[in-house]
Amino acid sequence: MANLILILGDQLSHNLSALEGATPGADRIVMAEVHDEASYTSHHRKKLVLIFSAMRHFAGELEQRGFDVHYHRYDPDSHAHGLEDVVRDQCQRHPPARLITTECGEYRLDEQIRQWHGRLGLPVEIRPDSRFLASKDEFARWAEGRKQLRMEFFYREMRRKTGLLMTAEGEPEGGHWNYDADNRRKWTGKPPAPAPFRAEPDHITREVIDLVDTHFADHFGTTDDFHFAVTAGDARAALAHFIEFALPCFGDYQDAMSDTEDWLFHAILSPYLNCGLLDPMDVCEAAERAWYDGQAPINAVEGFIRQILGWREFVRGIYWLTMPDYARENRLGNDRALPWFYWTGDTHMHCMHRTIDSTRRNGYAHHIQRLMVTGNFALLTGVRPEEICDWYLAVYVDAYDWVELPNTLGMVMHADGGYLGSKPYAASGKYIHRMSDYCSQCRYQVSETTGETACPFNALYWHFIDRHREQFGQNPRMKMMFRNWHRQDGQRRREILERAEWLLDNLDEL
Ligand code: FAD
Ligand code: DLZ
Ligand code: SF4
């Protein structure tokens, strides 16, 4: 008897473990656009277009390879709301020997699929996801017995394991593991940032854009100017575009922000890595080749590989090690509602406005905007972790729980008590001023801390330091901040805290 193979919307790889040993013409494949997956958060409209269009293209490729594919198109009137409904229906029509799938990327759906064996009354084989470079077990073994997990040490293990940027003698290329100290430059317009890669929508994508605009008009963002790749071929072209035009400057301007350029020298590859159109090892090897060929410097290539081989694998490991408890963590006891302007961009804080605006238009903001602008503001104001996590899950094209949650709850909000990162990334307006040109366009004065026109980040920063002195006062990496706070006289500190209290009471006015 043939098998039924389920492929999810973020599993669009021909070498997916669920497809191993599959026989075209015998085994059947099921893929489904369903309401439950499209609506568990207010996914950015461009994300819905990307996933649905990429799913449709992938199903077409499987058919060309001779597979019999049942593809369930999104239909708001369908009785099938969830993946289970579609799979049950298929099992009734064509009873399979067993259902085969690759383990799902997020806890919510994984829990459901693990119950299908009983609920559908047939064997369900769930295969490990071999698209990651560290398996869940391998990460768990590495983490065992460590009180705090540090990405840098995990990353070195991964460099040794993969041999990426390693000499034949087992040493890191160039003599250092990490070149971050070279990667902190402000960008002042030169060299010009390359235009991002564009794939023009074909008829399948245009059809999906109409569908999303019709049925998901209440979701965040816009479908205007959709130009993401939706096939593996185009995603590989996007990778080649990055390597040629942006990678050489990726390191230098990795932390820079610009009022005029949304993408700077970033890769814009996470949407493809996360839905299966690109393989992480292929991406790292392409970057490594650019260094060996003399096309990009070591600080750029090492910094880029570290993001994928280090951070991406590290946050995934933490997610599976700690869920479901991790999602409930709130160690700083935050209880503030997310300010409404996160959904509209309607704020006079120019850095926030620009970051939210590019998020709305593109479904994208680069890492420093996510971490040091919208993330930093949520940290300083003490937003409830659940609410800010839901925002990040909704608004980015690359957002999936397994990668969004540790980044937001751990890296940004420090809500896990420092399990993921040794100190919170709290910063005043000074940091944003140093790394961007936003402040010159802003109604607020970055040089001021009190007074009506003072940059809100400044007083909020000191308020954060003051209210969390118990948690962070003894943290060696934060000693300097506390010293600077206590160096100011009592009256000045009171004025700053008063200004911060006013700001906290009037967030929606800022
Ligand atoms: P580049 O800056 O060019 O980096 C190259 C690649 O490295 C990325 O494509 C990505 O795959 C990987 N990478 C870089 N940083 C991280 C990181 N911290 N964690 C995991 N992978 C990383 N990334 C997501 O893929 N999905 C998310 O939902 C997501 N949510 C985030 C939420 C917050 C609050 C923060 C601070 C970061 C989040 N990130 C997320 C990480 C990072 O911001 C994005 O991966 C990156 O901006 C994607 O753009 P890029 O491809 O141009 O990345
Ligand atoms: C994100 C997403 C969306 C928007 N829609 C679908 C869908 O209709 N069908 C599907 O199979 N998968 C979809 N996905 C991906 C899943 O919701 C889920 O996030 C991942 O499979 C978890 O790794
Ligand atoms: Fe942002 Fe403050 Fe600069 Fe305005 S002055 S752009 S609010 S950091």
Side-chain angles (χ1 to χ4, degrees), residues 6-11 31-41 43 47-48 50-52 55 72 74 83 86 103-106 108-110 129 151 242 246-247 250 254 263-275 278 280 283 303-316 347-354 364-375 377-378 388-389 392-393 396-409 411-413 425 428-433 436 438-448 454-458 510:
L6 169 69
I7 298 180
L8 301 169
D10 61 346
Q11 298 181 338
M31 297 177 69
E33 297 167 6
V34 287
H35 174 270
D36 288 359
E37 297 311 309
S39 309
Y40 64 80
T41 183
H43 299 286
K47 179 180 177 188
L48 291 172
L50 172 72
I51 301 286
F52 286 0
M55 284 173 74
H72 179 91
Y74 182 79
L83 290 163
V86 178
E103 62 190 355
C104 160
E106 61 182 44
R108 171 191 62 86
L109 190 56
D110 187 61
D129 192 342
M151 193 285 295
F242 165 68
L247 178 64
F250 173 84
Q254 196 179 348
W263 320 87
L264 285 174
F265 299 91
H266 289 274
I268 322 162
L269 294 177
S270 49
Y272 315 133
L273 283 163
N274 294 355
C275 74
L278 282 179
V283 172
F304 177 72
I305 288 178
R306 176 160 23 92
Q307 305 311 312
I308 295 177
L309 189 62
W311 280 113
R312 187 170 184 270
E313 297 286 330
F314 181 69
V315 299
R316 185 212 183 219
T347 165
H348 298 294
M349 291 180 286
H350 194 64
C351 53
M352 292 288 283
H353 167 74
R354 287 290 292 136
Y364 180 88
H366 59 73
H367 186 66
I368 291 299
Q369 292 173 309
R370 299 187 202 194
L371 181 65
M372 301 309 294
V373 180
T374 43
F377 193 79
I388 188 70
C389 288
Y392 277 103
L393 187 63
Y396 291 113
V397 170
D398 59 22
Y400 295 86
D401 203 42
W402 65 266
V403 49
E404 174 277 319
L405 185 76
N407 269 297
T408 311
L409 190 138
M411 192 185 299
V412 163
M413 299 304 290
Y425 285 90
S428 68
K430 209 191 269 180
Y431 176 88
I432 294 171
H433 183 48
S436 78
Y438 291 140
C439 301
S440 60
Q441 307 297 318
C442 188
R443 156 198 278 216
Y444 297 107
Q445 300 299 315
V446 70
S447 53
E448 294 170 10
C455 167
F457 281 84
N458 291 341
L510 301 183

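From a predicted model like this one, the values you see are computed outputs, not experimental measurements. In listed order, ligands and their atoms are each counted from 1.
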**OP:** May I ask you to identify the nearest protein heavy atom to atom 6 (C) of ligand 2, giving residue, atom name and distance to one decimal place in Å?
**Re:** E37 CB, 3.4 Å

Subject >> Under-4.0 Å salt bridge between E37 and R108 >> reply: yes

Original post:
With a 4.0 Å cut-off, would you call R316 and E103 a salt bridge?
Top reply: yes

Original post:
Around atom 4 (Fe) of ligand 3, what protein N, O or S atoms are found below 2.8 Å?
Top reply: C442 SG

Subject >> Nitrogen or oxygen atoms of Y40 and ligand 2 under 3.5 Å apart >> reply: yes

Original post:
Can you check whether L273's main-chain N or O pairs, donor with acceptor, with R312's side chain at less than 3.5 Å?
Top reply: yes

Original post:
Taking only heavy atoms of G105, which atoms of ligand 2 are found under 4.0 Å from at least one of them?
Top reply: 22 (C), 23 (O)

**OP:** Using only heavy-atom distances, determine whether the side chains of Y396 and S270 contain a donor-acceptor pair under 3.5 Å.
**Re:** no

Short N or O contacts of ligand 1 with protein, under 3.5 Å, listed by atom name?
unit_1   : atom_1 : unit_2 : atom_2 : d
ligand 1 : 2 (O)  : H266   : ND1    : 2.9
ligand 1 : 3 (O)  : A267   : N      : 2.8
ligand 1 : 9 (O)  : S270   : N      : 3.1
ligand 1 : 15 (N) : Q307   : OE1    : 3.4
ligand 1 : 18 (N) : N407   : OD1    : 2.9
ligand 1 : 19 (N) : N407   : ND2    : 3.0
ligand 1 : 25 (O) : N274   : ND2    : 2.9
ligand 1 : 26 (N) : D398   : O      : 3.0
ligand 1 : 26 (N) : D398   : OD1    : 3.2
ligand 1 : 43 (O) : H367   : ND1    : 2.9
ligand 1 : 47 (O) : H367   : N      : 3.4
ligand 1 : 49 (O) : Y364   : OH     : 3.4
ligand 1 : 51 (O) : I268   : N      : 3.3
ligand 1 : 51 (O) : L269   : N      : 2.9
ligand 1 : 51 (O) : S270   : N      : 3.1
ligand 1 : 51 (O) : S270   : OG     : 3.4
ligand 1 : 52 (O) : A267   : N      : 3.2
ligand 1 : 52 (O) : I268   : N      : 2.7
ligand 1 : 52 (O) : Y364   : OH     : 2.6

Subject >> Heavy-atom donor-acceptor pair, R370 side chain to A365 backbone, under 3.5 Å >> reply: yes

**OP:** For H72, enumerate each residue passing the side-chain contact (heavy atoms from CB on, under 4.5 Å) test, keeping only those at least two apart in sequence or located in another chain.
**Re:** A32, V34, H70, S78, A80, V86

Subject >> Residues which pass ring-ring contact (aromatic ring centres under 6.0 Å, His included) with W263, listed by chain and number, not counting sequence neighbours >> reply: H227, Y364

**OP:** Name the closest protein heavy atom to atom 23 (O) of ligand 2, giving the residue it belongs to and the distance to 0.1 Å.
**Re:** D10 OD2, 2.4 Å

Original post:
Hey, would you say the F250 and F265 ring centroids sit under 6.0 Å apart?
Top reply: no

